[in-house]
Asker: 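Below is a structure I'd like to ask you about.
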Amino acid sequence: MSTYRWAPAGEPATDRATKQLLSDPEHDEIWKRFETRFEVTYETADRGIIEPPDSATWLLATVERSNDPLLTQVEEVIKRGIRAGARSGDRLYCLKWHISGSRMDPLRAGEPGQPLWASYAYLVDEHVIQVTKDLRMGTFGNWREASLCVFGEELLAHVDEELTALLGTVLRRGGRPIGNVWSFGP
């Protein structure tokens, strides 16, 4: 009989990699800060958020169902980008208005041997945000506009090129249209 000792490098985690947020105070606190910073509420979400200077928004008009292969590719790009831009100790929140959310450590989820990735950037029938606790990076999926806003310098640097290749021309950068708008008149 052999005895084995498992001793992974680093400090052991003090919390779970993923957690469902039901009536947790941090759920409401993140929402309040998000709504204040991005000037959006449940009632105004159809108009979108105040997109920060370090953001890009793509159109997802061709995505009609949650299991669409294009959406699966987009989600994978976002996941890789979040993991690449995440810092040790970061927590990513996935929130929908009036529905429970989740929190996860993006560096300890979504890879083989880890809990499943518990977040998504876009839903075909609901507004959804995923954001780091400090609000420095994340996404806003606006189902009414069929668009995905990605914000935060670290995240955008990792996903901009791939998302543009998948989705085509960027709709807005920093909240401003990028030459792909119709105008009428002189």
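Quick note: numbers below take in every heavy atom, side chains included, and nothing from hydrogens, waters or symmetry partners.
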Asker: Determine, stepwise, if the pair Thr139 / Leu155 fulfils side chain to side chain contact (heavy atoms under 4.5 Å, CB included).
Answerer: CA-CA 9 Å; Thr139 62; Leu155 179 54; 4.2 Å; yes
Asker: Do Arg91 and Asp105 come close enough that some side-chain heavy atom pair is under 4.5 Å?
Answerer: yes
Asker: Could you tell me which residues satisfy salt bridge (charged side-chain N to carboxylate O under 4.0 Å, His left out) with Arg83, sequence neighbours excluded, listed by chain and number?
Answerer: Glu111
Asker: For the atom pair NE2 (His158) and CG (Asp160), what is the distance rounded to the nearest 0.5 Å?
Answerer: 11.5 Å
Asker: With a 4.0 Å cut-off on N to O distance, would you call Glu29 and Arg33 a salt bridge?
Answerer: yes
Asker: Pairs under 3.5 angstrom only: tabulate donor-acceptor contacts from the side chains of residues 115-124 to other protein residues two or more places apart or in another chain.
Answerer:
unit_1 : atom_1 : unit_2 : atom_2 : d
Ser119 : OG     : Gln130 : OE1    : 2.4
Tyr120 : OH     : Lys96  : NZ     : 3.1

Asker: So which residues get pulled into Ile50's cluster when ILVMFWY side chains under 4.5 Å apart are joined, directly or through others?
Answerer: none
Asker: Which heavy atom of Val170 sits nearest a heavy atom of Ala56, and at what distance?
Answerer: CG1-CB, 4.1 Å
Asker: Decide side chain to side chain contact (heavy atoms under 4.5 Å, CB included) for Leu70 and Leu167; before the verdict, give the C-alpha distance in whole Å, the side-chain angles of both, and the deciding distance to 0.1 Å.
Answerer: CA-CA 9 Å; Leu70 176 61; Leu167 301 173; 3.9 Å; yes
Asker: Tell me, yes or no, whether the heavy-atom count around Arg47 atom CZ, taken from other residues, nucleotides or ligands under 6.0 Å, exceeds 12.
Answerer: no
Asker: Is Leu135 isolated, or which residues cluster with it under the ILVMFWY side-chain rule of less than 4.5 Å, directly or via members?
Answerer: Leu21, Ile30, Trp31, Phe34, Phe38, Val40, Tyr42, Ile49, Tyr93, Leu95, Trp97, Ile129, Val131, Phe140, Phe151
Asker: Counting only heavy atoms not in Glu26 (residues, nucleotides, ligands), do more than 12 fall under 6.0 Å from its CD?
Answerer: yes
Asker: If Ile, Leu, Val, Met, Phe, Trp and Tyr residues are connected whenever their side-chain heavy atoms lie under 4.5 Å apart, and connections chain through other members, are Val128 and Val77 in the same group?
Answerer: no
Asker: Taking the side chain as everything from C-beta on, heavy atoms only, tell me whether Asp90 gets closer than 4.5 Å to Arg136.
Answerer: yes
Asker: Could you grab the distance from atom CG of Leu92 to atom CZ of Arg103, nearest 0.5 Å is fine?
Answerer: 11.5 Å
Asker: Go through the structure and list residues passing salt bridge (charged side-chain N to carboxylate O under 4.0 Å, His left out) with Arg87, not counting sequence neighbours.
Answerer: Glu154
Asker: Got a donor-acceptor contact below 3.5 angstrom from the Thr72 side chain to the Asp68 backbone?
Answerer: yes
Asker: How many angstroms lie between atom OG of Ser55 and atom CZ of Arg176, to the nearest 0.5 angstrom?
Answerer: 11.0 Å
Asker: Decide yes or no for Leu59 and Thr169: does some side-chain heavy atom of the first lie under 4.5 Å from some side-chain heavy atom of the second?
Answerer: no
Asker: Quick check: is Trp143 connected to Leu148 through a chain of hydrophobic side chains (ILVMFWY, heavy atoms under 4.5 Å apart)?
Answerer: yes
Asker: To the nearest 0.5 Å, what is the distance between OG on Ser66 and CG on Asp125?
Answerer: 8.0 Å
Asker: With rounding to the nearest 0.5 Å, note down the distance linking CD in Glu145 to CG in Asp46.
Answerer: 10.0 Å
Asker: Name all residues meeting the salt bridge (charged side-chain N to carboxylate O under 4.0 Å, His left out) criterion together with Glu64; count only those two or more places apart in sequence or in a different chain, and write none if there are none.
Answerer: none
Asker: Between Gly175 and Glu51, which heavy-atom pair has the shortest distance, and what is it?
Answerer: CA-OE1, 3.2 Å
Asker: So that I can tick it off, tell me whether Asp24 and Lys19 are bridged by a salt bridge, with the cut-off set at under 4.0 angstrom between side-chain N and carboxylate O.
Answerer: yes
Asker: Go through Arg65 and Asn67 one step at a time and tell me if the side chain to side chain contact (heavy atoms under 4.5 Å, CB included) criterion holds.
Answerer: CA-CA 6 Å; Arg65 59 189 200 284; Asn67 63 349; 2.9 Å; yes
Asker: Please lay out, stage by stage, how His127 and Asn142 fare under the test side chain to side chain contact (heavy atoms under 4.5 Å, CB included).
Answerer: CA-CA 5 Å; His127 298 298; Asn142 184 338; 3.1 Å; yes
Asker: Over all heavy atoms of both residues, which pair between Ile99 and Glu126 is shortest? Give the atoms and the distance, please.
Answerer: CD1-OE1, 3.0 Å
Asker: I'd like to know whether CZ of Arg37 has more than 12 heavy-atom contacts from other residues, nucleotides or ligands below 6.0 angstrom.
Answerer: yes
